[in-house]
Amino acid sequence: MEKAQLVFVPAPGIGHIVSAVEVAKVLLTRCHQLSITVLILNHSSINSKVHSYIESQRASSSIVSTRLRFINLPKDETELFSFSSFVKSQKSHVKEAVLKITQSDFVSSVDSPQLVGFVVDTFCLSMIDVANEFGVPCYIFFTSGAAFLGFMLYVQKIHDEEKFDPTEFKDSDAELKVPSLVNPFPGRVMPSAMLSKEWFPFMLDNTRRFREAKGIIVNTFLELESYAIESLKMPPVYPMGPILDLGLDGRNSHKEIMQWLDDQPPLSVVFLCFGSKGSFSENQVKEIACALEHSGHRFLWSIRRPAPPSFLASSSDYEDPQEALPKGFLDRIIGIGKVIGWAPQVAVLAHPAVGGFISHCGWNSILESIWFGVPIATWPMNAEQQFNAFEMVIEMELAVEIKIDYRKNSEIIVNCDEIERGIRCLMEHGNEKRKKVKEMGEKSRRALMEGGSSYSSLGTLIKDVMDKLSQNNCNEV
Ligand SMILES: O=c1ccn([C@@H]2O[C@H](COP(=O)(O)OP(=O)(O)O[C@H]3O[C@H](CO)[C@@H](O)[C@H](O)[C@H]3O)[C@@H](O)[C@H]2O)c(=O)[nH]1
């Protein structure tokens with residue numbers, strides 16, 4: 001019998017929803033007395049991928065599916081605002097939905113589950129106000145790493161206290177001494193998100209509210225980011241990762257790609273994939289194509305059409321990838337390479353033929369590559385990815401660098417030679433990085449096992465959540 005329930009409010013992008021649902025499942029698996037409702041904000045970035053993902057979760061027959069429900073919130077007539085205004089405008093819908101849930105649960109059962117808290121995405125912090133109205137605590141789910149969380153807190157502090165300006169700093173030779181980083185942080189890798197006129201104020205507003213949360217759930221694990229995690233004091237941080245959607249159904253939905261990989265020798269293939277928004281200009285695509293042809297390595301390359309400028313929008317597949325590639329490229333690479341659209345990334349990284357990954361350094365991609373022991377060559381584009389690339393190359397020494405300071409839409413073109421050098425370094429025999437990543441991958445798996453760091457952290461979180469109930473007696477499995 002469920003005694004307690006949590007309400008999740010993820011940001012309305014596929015990546016954020018998938019991560020939030022995975023966190024929900026982990027909580028439900030460990031605590032049988034908990035049920036979770038995930039509220040889906042009706043933003044224009046909600047596309048068919050999101051709908052089919054939610055449908056597949058609803059149809060799932062996993063042991064937790066009966067205690068996990070989804071509610072799609074109503075769509076507003078107009079959506080003319082910035083993303084931050086959009087989130088604020090959704091508070092009334094969230095409040096209404098939660099009122100309905102608590103009332104209908106109360107009517108349907110005398111022993112109805114008690115609302116014990118909210119778990120909200122980093123981009124949805126105005127929902128803290130709704131949690132306050134219900135008199136329950138609010139936890140934040142932070143979808144990037146602990147070092148970046150520390151960086152946000154530090155930048156917000158020096159902005160508010162010393163008028164720190166990321167744009168000025170980017171062009172100076174100065175370095176920042178960030179409490180969550182061992183090494184000094186140079187201006188040239190200031191992440192895109194902090195240089196954007198729309199994002200930076202939004203980020204500052206959100207960060208100022210972090211301290212109001214009861215706790216911050218971070219998708220990381222102690223062994224990966226111990227220095228950063230220990231540097232974070234307030235509020236309590238729960239590193240409970242890696243939280244990944246490891247359903248390897250890509251094997252079935254992308255048979256042709258997987259069969260092609262089956263035909264390649266072990267560790268021979270470079271995989272290139274740049275996340276849900278990754279795409280390049282025509283000139284940059286040419287340089288990548290040139291490097292791949294010259295490197296002599298086999299490759300699997302996911303190329304995508306640029307996303308519309310809207311926040312959280314994803315890029316899409318080309319109807320015919322030939323339109324974006326140099327003339328004759330596809331004919332010349334027969335037998336050594338394959339160009340695809342959306343990749344079954346998890347299944348690809350799990351495949352023994354894959355020896356290296358050229359990645360934009362989205363946090364989920366980093367965690368997936370570590371999980372499967374595949375080394376990365378970094379090529380950040382957007383958001384906080386330059387920071388993640390810095391962390392992987394300099395702080396953790398787990399990746400080789402193609403670029404750590406690339407920014408999408410900058411004029412800079414990374415040339416064929418530079419990319420080719422990166423590929424050779426990534427794929428070289430006896431690669432030190434591969435060994436280190438494999439060891440970290442094993443640590444990531446151990447972190448989730450009984451007695452592991454993330455397992456324990458989750459136990460502490462559950463205890464904290466269930467403390468809200470009059471009798472604290474959550475039975476763990
Ligand atoms: O062709 C593709 C492309 C992506 N993926 C999957 O999509 C997810 C992508 O996530 P991530 O690597 O985190 O990249 P983004 O989609 O770019 O994610 C956004 O959200 C992340 C988490 O907050 C941030 O770290 C990024 O900078 C931000 O762009 C991963 O699970 C991939 O396996 C595929 O399966 N196939």
Side-chain angles (χ1 to χ4, degrees), residues 10-23 45 47 49-50 53 121-124 140-149 151-152 191-194 196 199 203 206 216-220 241-251 253-254 257-258 271-279 300-307 311-318 321 338-351 354 357-372 374 376 378-392 406-408:
I14 178 78
H16 292 258
I17 293 173
V18 171
S19 300
V21 171
E22 291 306 315
V23 173
S45 58
N47 55 19
K49 248 196 180 72
V50 175
Y53 172 75
D121 192 282
T122 340
F123 294 127
C124 299
I140 296 172
F141 175 45
F142 192 76
T143 51
S144 195
F148 186 63
L149 172 58
F151 185 69
M152 284 174 72
S192 297
M194 292 191 180
S196 143
W199 269 84
M203 190 222 93
N206 281 329
I216 307 183
I217 299 167
V218 188
N219 192 3
T220 188
I243 300 157
L244 303 171
D245 179 12
L246 291 173
L248 297 173
D249 56 344
R251 268 232 149 261
S253 55
H254 294 79
I257 296 171
M258 300 317 293
F271 172 51
L272 298 90
C273 190
F274 300 88
S276 54
K277 296 177 95 164
S279 61
L300 180 65
W301 180 14
S302 159
I303 64 167
R304 312 258 296 153
R305 191 194 287 283
F311 184 88
L312 294 174
S314 301
S315 48
S316 54
D317 286 355
Y318 285 99
K338 191 165 178 62
V339 177
I340 57 172
W342 180 261
Q345 181 166 301
V346 165
V348 170
L349 290 172
H351 198 286
V354 174
F357 178 21
I358 300 183
S359 169
H360 73 312
C361 299
W363 190 248
N364 295 299
S365 294
I366 286 178
L367 294 176
E368 287 162 8
S369 77
I370 289 174
W371 182 267
F372 292 111
V374 179
I376 278 184
T378 59
W379 191 331
M381 306 185 84
N382 261 319
E384 91 296 22
Q385 294 149 19
Q386 295 83 7
F387 183 94
N388 297 345
F390 173 83
E391 203 184 350
M392 285 293 281
Y406 182 88
R407 287 192 187 84
K408 195 165 178 187

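Read the numbers this way: they start at 1 and go in the same order the structure lists the ligands and their atoms. In what follows, every heavy atom counts, from backbone to side chain, and hydrogens, waters and symmetry copies are set aside. For clarity, every value in this text was computed on a predicted model and none was experimentally measured.
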For atom 4 (C) of ligand 1, closest protein heavy-atom neighbour = Trp342 CH2, 3.4 Å
Distance from atom 29 (O) of ligand 1 to nearest protein heavy atom, with residue and atom |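 The answer is Gln385 NE2, 3.0 Å.
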Can you check whether [X] has an N/O within less than 3.5 Å of an N/O in ligand 1?
X	answer
Ser144	no
Ser365	yes
Ser276	yes
His360	yes

Could you tell me how the ring of Phe387 sits relative to the ring of Phe151: parallel (under 30°), tilted (30 to 60°) or perpendicular (over 60°)?
->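 Tilted: the ring planes of Phe387 and Phe151 meet at 30° to 60°.
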Atom 35 (O) of ligand 1: of Ala343, Ser302, Gly145, the nearest heavy atom sits on Ala343
Which is closest to atom 31 (O) of ligand 1 in terms of heavy atoms, Gln345, His16, Glu368?
->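 Selected option, by shortest heavy-atom distance: Glu368.
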Side chain, backbone, both or neither: the part of Cys273 lying under 4.0 Å from ligand 1 by heavy atom =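 The answer is the side chain of Cys273.
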Would a search of protein heavy atoms around atom 19 (C) of ligand 1 find one under 4.0 Å away?
->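 Flag for atom 19 (C) of ligand 1 set to false, no protein heavy atom closer than 4.0 Å.
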Do any non-hydrogen protein atoms sit less than 4.0 Å from atom 8 (C) of ligand 1?
->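 Protein heavy atoms within 4.0 Å of atom 8 (C) of ligand 1 - there are none.
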Under a 4.0 Å N-O cut-off, is there an ion pair linking Arg304 with Asp317?
-> yes
